[in-house]
Number of protein chains: 2
Amino acid sequence: MIAKYGIIIKKIAIKSDIFVTLMISKKTKYAINALVYLAKQDERQPTRISDVSKAQNIPQKFLEAILLDLKKSGILASKKGKGGGYYLLQSPEEVNLADVMRLFDGPIAFLPCVTYKYYERCEECKDEETCGIRDVFLQVRNKTVELLKDANLAEIMHRESRLKKIL
Amino acid sequence: MIAKYGIIIKKIAIKSDIFVTLMISKKTKYAINALVYLAKQDERQPTRISDVSKAQNIPQKFLEAILLDLKKSGILASKKGKGGGYYLLQSPEEVNLADVMRLFDGPIAFLPCVTYKYYERCEECKDEETCGIRDVFLQVRNKTVELLKDANLAEIMHRESRLKKIL
DNA sequence: ATAAAGTCTATAAATTTAATAGACTAATTA
DNA sequence: TAATTAGTCTATTAAATTTATAGACTTTAT
């Protein structure tokens, strides 16, 4: 990144490219947008993939795979044939960003040694129990997961209402 | 990720591969390890790249580029020739993980729209000011940056001492 | 002088992300 | 039961990024 600084500045100014190293993937972003959109469709009427795709500006074929994954994980359900589409299977309160992010981007952690399900030791680490770097990243991970667990679809919609009132 | 679950489970069990989507890059990890190592070398005697490389298990050629970047950013200084090497230019209190991570992995944020220096709007976003998703990720980002700013090299070493006392 | 040690340029292998294409299957309804 | 709608599955590809590796070059201490 450093070696490319000159180019990067240019990119941001002209084409607005952005580094993605620590950011969520487009897949996760699309998934979250689609879920919030489905949560906003009152009733549990199925919504067509093509409708979600148009409304949220997500490439349809890409979205198909994403929704299928969300279905396999039990968050969404679908109905085939005419009048079919996708709908929330879980309640908006049950679906939180931590789970969605983990589904598509893997563990929420800056280091493998502070993950729960994907734990991996650092080779160079002499004593993990007393590693100061790990201690910091463990704290960050715990706080992040806490905040993302609280951020369920209902909460996200509440926040939007609140923000609209302020403005 | 989901489509590969079978393989992934196998990988974790057999070869312990890990997804890296939201994790810091090896470059950043190497940089942090090298910095903590240099901070532990009392006096400001230059330490050879080869010594850091061996002690921290970092490919030497890769480390050379990393240390050079840290030098360009003003964190380290170097001395050439015999008896040369790298040493901290800033005090251990001044060097924090937020700055180091930003240097190599770019902005600390899950979405471009909650970054400061690399801000980018989401195309699909109708009203950013009232976006509930953005509101969540902004909160996460602020907390994360706060914790990482506090995590300077001195603090990391303090934590190690504290952890050693507990054990 | 010469040996030690950092610097610079270029390139390559491996992995991952993001996206596309097309055939196939299931369900509804006329 | 045929036609249509809409989700499902498999394969492939393009682009970008990460993680290195190689080798020539420059500077400095003794």
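By convention in this document, chain letters (A, B, ...) are assigned in the order of the sequence lines, proteins followed by strands, and residues within each chain are numbered from 1. Not measured: the values here are computed from a predicted model.
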task = Hey, which sits more toward the 5' end of DNA chain C by its nearest nucleotide, Phe62(A) or Gly81(A)?
result = Phe62(A)
query = Want to settle it: does Ile49(B) or Ser25(A) sit nearer the 5' end of DNA chain C, counting the closest nucleotide to each?
reply = Ile49(B)
key: Integer-rounded Å distance: dA6(D) C1' and Lys54(A) NZ   = 12 Å
message = Do Thr28(A) and Ser25(A) pair up side chain to side chain, a donor and an acceptor below 3.5 Å, judged on atom types alone?
response = yes
query = OP1 or OP2 of dA20(D) sitting under 4.0 Å from any side-chain N/O of Tyr30(B)?
reply = yes
ask   = Out of curiosity, Leu111(B) CG to Ile32(A) CD1, how far, rounded to the nearest 0.5 Å?
value = 7.0 Å
ask   = Is the phosphate of dT17(C), meaning OP1 or OP2, less than 4.0 Å from a side-chain N or O of Thr21(B)?
value = yes
inquiry  = Distance check needed: dT18(D) P versus Phe104(B) CZ, whole Å only.
reply    = 12 Å
message = Could you tell me how far apart Asp51(B) (CG) and dA4(C) (P) are, to the nearest whole angstrom?
response = 14 Å
inquiry  = Between the base of dG23(D) and the side chain of Lys61(B), is one N or O donor paired with an acceptor at under 3.5 angstrom?
reply    = yes
note = Taken to the nearest whole Å, CD1/Ile58(B) to P/dA20(D) is 10 Å
key: Nucleotide nearest Lys80(B) when distance is taken to its side chain, options dA18(C), dT7(C), dA27(C)   = dT7(C)
ask   = When the distance from CG of Asp69(B) to P of dT7(C) is rounded to whole Å, what number comes out?
value = 11 Å
request  = Measure the distance from CD on Gln60(A) to P on dT8(D) and round it to the nearest whole Å.
outcome  = 12 Å
query = To the nearest angstrom, how far is Lys79(A) atom NZ from dT29(C) atom C1'?
reply = 11 Å
task = Kindly compute the distance separating CD1 (Ile49(A)) from NZ (Lys61(A)), expressed to the nearest 0.5 Å.
result = 8.5 Å
inquiry  = Tell me which one of Tyr37(A), Phe104(A), Phe62(A) satisfies ring pair (Phe, Tyr, Trp, His ring centres under 6.0 Å) with Tyr30(A).
reply    = Phe62(A)
inquiry  = Check this for me, if you would: do Lys143(A) and Glu146(A) make a salt bridge, where the nitrogen-to-carboxylate-oxygen distance has to be below 4.0 angstrom?
reply    = yes
message = If I take atom NZ in residue Lys82(A) and atom C1' in nucleotide dT4(D), what distance separates them, rounded to the nearest angstrom?
response = 7 Å
task = Respond yes when some side-chain nitrogen or oxygen of Ser78(B) is under 4.0 Å from OP1 or OP2 of dA5(C), and no when none is.
result = no
